[in-house]
Each structure stands twice: as structure tokens, then as C-alpha cells.
There are 2 protein chains.
Amino acid sequence: MASQQPARPAAPAPRPTRRSEKSRRAIYDAALALVVEAGYPRTTIEGIAARAGVGKQTIYRWWPSKAEVLMEAFLDLAGHPPRDAAQEPSAIPDTGDLAADLKAVLRATVDELKDPRFDAPSRALAAEGLVDEALGRQYVAKLLEPSLQLYVQRLRSAQEAGDLRPDLDPRIALELFVSPLAQRWLQHTGPITYAYTDTLVDYALYGLAPRSR
Amino acid sequence: MASQQPARPAAPAPRPTRRSEKSRRAIYDAALALVVEAGYPRTTIEGIAARAGVGKQTIYRWWPSKAEVLMEAFLDLAGHPPRDAAQEPSAIPDTGDLAADLKAVLRATVDELKDPRFDAPSRALAAEGLVDEALGRQYVAKLLEPSLQLYVQRLRSAQEAGDLRPDLDPRIALELFVSPLAQRWLQHTGPITYAYTDTLVDYALYGLAPRSR
DNA sequence: TGCGAACGATACGGTTCGTCTCGTCCAAGA
DNA sequence: TCTTGGACGAGACGAACCGTATCGTTCGCA
């Protein structure tokens, strides 16, 4: 009923229309560069402001935390420069050969995971998300789950084609080859190679138990 | 040739024999309690020292960082009631029914992951390890890999029994059901239930592709 | 053209860091 | 048993960042 009350007495709610686009971009660039060059723990809000040539208040006015700055900066990086071939929200190819399609996508993911411009910010956000549950859910919703849904679509298509058991849950099925790669990447539990991801697809599709019995 | 030089001019290398066992235990207890109660980011070295009734220098003398304190404290917690029936390096049961054995162990793991006394420190260390690679490798080597090797042993036994394809790599195979659970736990990408882990085992053992063709 | 909000810059108090320095206590060696 | 020196509890210290407040200044909108 009551239309709206200002969230906090001391926060007069800034008007986005008057926001400086130049400062926002400078902050994104500074945040991403610092995370890659200095590492996340040594990336400070004061450091971002100084490098961006911006007052601290400009950051505190628009973002609640350093993690949120980096999250937006990374989303901007991942979803923005594209035009030509957007890398993230593009569907998984469907050539009719499920195993080949999955292997191709996972190989591309391997390359991406090894690019420091992707690795450093993404890993930093994941780390913060482990301990800050609200941020973690944001990370999953905005960065992880959209990619996983592409697998869901491809697996559904495979089910219709009879290449996948019709009774299984695609959202769980994809985890058999995606999660192992994710864990090796995040926790350095093993090397990440094309051979490894190819193996994951084979193991997952055809099972660990002997097929002839 | 040169026998030994002090690592740092200002570090006279403390002698472990004179170390206070009482202080060490108090520091372990304080660190674990604070992480559970206040969360990792709000757990400070000063806070640990105050709660343990200990001087800050006593912590800085024996540990290089807050993460290392927590790591030792957690290792002490997990592996300490030793001698009798240590809970972590105990083998996976081998009843001859591979699927049942794996499901049982994963169900026990589900319970453990939901215990705050395990979840909070373990998650904090994992988070720090994502961004501090040296600590991450320590986390993997001391906490994660020993448990994974138990799966390797059980899977090897299954291979000998003919319950598992003889050509596959057990260290990779185990990831098909362990990594999905790990990711759901760490990143909150989905609910963690017995039904879920049971499903993982079934999917992994019998494969995603139709078995009759 | 004028108003006001966002801006860059910087001062401020507060917290935690990691180091250093006390005086005390206690265990190894004489 | 006594001496001695190193670890101990306590806390002062400067540095780094935090998040907030307050300057003029700039610039978008009416």
C-alpha cells in the first residue's frame, strides 16, 4: 500500500539516469585488471578507485561490496563484448552425435578455464560465494545455471532422439561430466586436459559397470 | 654444506619442545568455535587470541596465517580421537554389492556435510584454497585426496570382482559421483539428499546412454 | 541557463593486521 | 636444586583498508 520508503535514512537512493557511464566502465576495467594482476585478496576498493581515477564514494554509491563490483564487471565482460560470436548463452551444437557434441563443448570449456582473464575473476567470485551464501546464490543464478541449462536442453534433445535413457533427470545427468571438471578446475584436484574431458563423457554415457553381462 | 641459516633475520626459529600444549589446544578450540559461530570472514586472529586467552604473538609464532591455524585445527578435530576408530581413513565397506556400498558411504557423507561443525571450517578452507593455490594444494593433499583414495581402493576391488569395467581409471571414475555431490555442497547448486546421491551412483554405474541397443 | 545530483578528492574514526617490547613463568641443562 | 633463556600473556604501535562524511566541481536534465 505505502508506495515506497527510502531504504535507509542516510541513503537518498541515487538516480541511475545521472550515472556516469565512463566511471562505471573504468571501475569494471580496474577491478578486472587488479584481480588478474594482484589477486583477489589484494584487490581493494581503494585500489580499484585509485586505478579507475574515481572517488571511493562513487563505488560505495552503486555497489554494496567488492564482490558485487567484480560480479558485475565479470558479467559485463562475459556477456558484453560479443556481437560476433557470443560465447556463453549460445546453445550446444546438435549434430546428432551426443558424445561428440559434449566433448566439443567441454574442450572449449577447458580452454576457457585456462584463460587468466576468465579464471581469476571467476575463481575469486566462486571463492567468495562459498562463504557468503547470498553472493553464492547470485553466482550460481547468473553465471553457472544459465550454462548448465544449455546442457539440459541438449540432453533433452538426446532423450527424444533415443540417445539417452528416457527416465533420467537431465539436470542431474549433466553433473556427471560437468562437476568433475568444475572440481578439478576450482580445487586443483587433477590436471585438466582434452583427454580427461573426453574420458568423462565416455564414462558418463556408457557407465562404469560392464555393459555386457 | 653450510649447516643452517636462520630463515629470516628476525625469526629466531622457535623450539617446538618448549611449546605450550595448552595454548595450542585453546587456539584450536577458539578458531573452530569462531568459524562456526561468527563465520570465516569475521574470524580474526585477534579474535582467536582473545577467545583462547592467548597473546597474538603466540599465534604468529607458530602459524603463518589464519587459514593455516584453521587447517591444523580442523585436521586435529577430524583425525584426533585417533588410535581407536578414526573416522576418516577407514576403508569403504566391501559387501560385494558395489552400488550399495557406494550409496551407503555417500549417505554418510551427506550427513557429514550438513553438520555445521564440519561444514563451516571445511567450507572456509575450501574457499581460501580457491584463491590461495598453496593452501588449496594443502587442502587437497591433507583433507580431500586421502578420502578419495578410499574410493580408488574400493573401485579397484570392484574391478577385480568384475563389477566394474577393467579398463577404466578409478581415480577418474570416482569423480562421476563424488564431484557432483561436492559441487552441490560447495556452491549450493542443488539440494543434497539421499535420493540424489543414490541417483548419482545409479547413473554413474549404469551410464546415461540406453543399455539395450 | 540554472538547479541539483553525481562526481573526484580527501579527511575521518574504527578495525584488523603483523611487529615489537614488556615482565612473567616454566622447563631443560648445569 | 638452581640458573637461565625461551615461550608465554598482554598490549602498544604504525600501516592498510574499511565505510562514512564533506568538501568544491562538473555535468545532465528541465
Side-chain angles (χ1 to χ4, degrees), chain A residues 4 6-31 34-35 37-70 72 124 128 131-132 134-135, chain B residues 4 6-31 34-35 37-70 72 124 128 131-132 134-135:
Chain A
Q4 239 177 340
R8 299 293 174 82
R15 305 197 326 194
T17 59
R18 308 198 53 154
R19 185 169 184 180
S20 163
E21 178 67 15
K22 194 175 73 172
S23 294
R24 195 180 59 172
R25 293 226 52 86
I27 289 166
Y28 287 167
D29 294 343
L34 280 175
V35 165
E37 294 171 15
Y40 183 67
R42 279 189 299 275
T43 298
T44 67
I45 296 221
E46 293 195 331
I48 295 171
R51 176 151 182 164
V54 144
K56 285 168 61 177
Q57 197 56 247
T58 300
I59 297 183
Y60 283 110
R61 176 153 37 230
W62 299 106
W63 292 279
S65 71
K66 141 176 120 165
E68 298 267 1
V69 174
L70 189 59
E72 279 196 20
E128 196 81 3
V131 138
D132 175 350
L135 184 82
Chain B
Q4 238 178 340
R8 299 292 174 84
R15 305 195 329 192
T17 58
R18 307 198 56 160
R19 186 168 182 180
S20 164
E21 178 68 15
K22 195 174 74 174
S23 295
R24 197 181 60 171
R25 293 227 51 86
I27 289 167
Y28 287 167
D29 294 344
L34 280 175
V35 165
E37 293 171 16
Y40 183 66
R42 280 189 299 276
T43 298
T44 67
I45 297 222
E46 293 195 329
I48 296 172
R51 177 149 182 165
V54 144
K56 285 168 61 177
Q57 197 56 248
T58 299
I59 297 183
Y60 283 110
R61 176 154 36 231
W62 299 106
W63 293 277
S65 71
K66 145 176 117 167
E68 298 268 2
V69 175
L70 189 58
E72 279 196 20
E128 196 82 2
V131 138
D132 175 349
L135 184 82

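All values below come from the heavy atoms of this structure, side chains included, with hydrogens, waters and symmetry mates left out. Below, chains carry the letters A, B, ... as their sequence lines are ordered, and counting in each starts from 1.
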- prompt: Hey, which of these two, A:Pro64 or B:Arg61, hits DNA chain D nearer its 5' end, going by closest nucleotide?
  reply: B:Arg61

- request: Name all residues meeting the side-chain contact (heavy atoms from CB on, under 4.5 Å) criterion together with B:Ala26; count only those two or more places apart in sequence or in a different chain, and write none if there are none.
  value: B:Ala52

- request: In whole angstrom, give the distance that lies between atom CZ of B:Arg24 and atom P of D:dA7.
  value: 15 Å

message: Tell me the interatomic distance from A:Ile45, atom CD1, to D:dA16, atom C1', rounded to whole angstroms.
response: 14 Å

Residue closer to the 5' end of DNA chain C, B:Thr44 versus A:Ala49 (nearest nucleotide): A:Ala49

- prompt: How many Å lie between CD1 on A:Ile27 and P on C:dA6, as a whole number?
  reply: 14 Å

task: Take atom OH of B:Tyr40 and atom C1' of C:dT16, then tell me their distance rounded to the nearest Å.
output: 14 Å

task: With a 4.0 Å heavy-atom cut-off, tell me which residues in residues 52-59 of chain A come close to DNA chain C, sorted by residue number.
output: A:Gly53, A:Val54, A:Gly55, A:Gln57, A:Thr58

message: Going by side chain to side chain donor-acceptor pair (under 3.5 Å), name the residues that satisfy it together with B:Ser20, two or more places apart in sequence or in a different chain.
response: B:Ser23

- prompt: What's the CH2-P distance between B:Trp63 and D:dA7, to the nearest Å?
  reply: 14 Å

- prompt: Could you state the CD-C1' distance from B:Glu21 to C:dA27, rounded to the nearest angstrom?
  reply: 15 Å

Using atom names, set out every protein N or O paired with an N or O of nucleotides 24-30 of chain D below 3.5 Å, distance rounded to 0.1 Å.
from   : atom 1 : to      : atom 2 : distance (Å)
D:dG28 : N3     : A:Arg18 : NH2    : 3.4

Under 3.5 Å: donor-acceptor pair, side chain of A:Lys66, backbone of A:Ile48: no

query: Between A:Arg51 (CZ) and C:dA9 (C1'), how many Å, whole number?
result: 20 Å

message: From CD of B:Glu46 over to C1' of D:dA15, roughly how many Å is that when rounded to an integer?
response: 13 Å

field: Set of side-chain contact (heavy atoms from CB on, under 4.5 Å) partners for B:Arg18, sequence neighbours left out
entry: B:Arg15

- prompt: Would you say B:Trp62 reaches D:dG6's phosphate, i.e. side-chain N/O to OP1/OP2 under 4.0 Å?
  reply: no

Throw together a table of side-chain donor-acceptor distances under 3.5 angstrom for residues 55-63 of chain B, partners on residues two or more places apart or in other chains.
from    : atom 1 : to      : atom 2 : distance (Å)
B:Lys56 : NZ     : B:Glu46 : OE2    : 2.9
B:Trp63 : NE1    : B:Glu72 : OE1    : 3.0
B:Trp63 : NE1    : B:Glu72 : OE2    : 3.4

field: side-chain contact (heavy atoms from CB on, under 4.5 Å) involving A:Leu135 - partner list, sequence neighbours excluded
entry: A:Ala67, A:Glu68, A:Met71, A:Glu128, A:Asp132

task: Find the distance between CG (B:Leu34) and CD1 (B:Ile45) and round it off to the nearest 0.5 Å.
output: 11.5 Å

- request: Considering non-hydrogen atoms only, spot the tightest contact between A:Val35 and A:Ala124 and give its length.
  value: CG1-CB, 4.5 Å

